[in-house]
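Note sheet for the following structure.
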Amino acid sequence: MNGHETYETLAAVYAVGALDGGDLAQLEAHLAEGCDRCTVALREAREVLAGLALADTPAVPRPTSRPACSRGSGPRAARARARPAPAG
Ligand SMILES: [Zn+2]
């Protein structure tokens with residue numbers, strides 16, 4: 001484990017501010033080593049988030065909360081929200 005792919009995954013979590021504990025320490029140590037690949041991965045993850053933040057500007061708050069989505073805040077949740085949900 002602990003290849004670049006692992007760090008790239010951690011970088012995506014880090015970008016949303018959800019990384020902590022040993023994973024956070026590992027990723028920050030790896031970035032501190034000057035890994036270009038993972039530094040770029042983190043920057044790209046942040047750019048994607050910035051784009052989502054700009055696109056996700058609901059004019060009206062939802063009157064009802066949906067339990068299945070209440071904790072969804074990642075790119076997948078945002079994409080799911082952007083698509084018309086099937087009835088039901
Ligand atoms: Zn790396």
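Both counts, for ligands and for their atoms, begin at 1 and track the order of listing. Positions are given from 1, in the same order as the sequence printed here.
Considering OH of Tyr7 and CD of Glu28, their distance stands at 12.0 Å, rounded to 0.5 Å. Atom SG in Cys38 sits 5.5 Å away from atom NE2 in His4 (nearest 0.5 Å). To the nearest 0.5 Å, the span separating CG on Leu10 from NE2 on His30 amounts to 9.5 Å.
By the criterion of a separation under 2.8 Å, the protein N/O/S atoms near the Zn ion (ligand 1) amount to His4 ND1, His30 NE2, Cys35 SG, Cys38 SG.
Legend: residues meeting salt bridge (Lys or Arg N to Asp or Glu O under 4.0 Å) with Arg37, ordered by chain and number and at least two apart, are Glu8.
Between Ala12 and Ala45, the shortest heavy-atom distance links the atoms CA-CB, 4.0 Å. Scanning all heavy atoms of the two residues, the minimum distance from Tyr14 to Leu24 falls at CE1-CD1, 3.2 Å.
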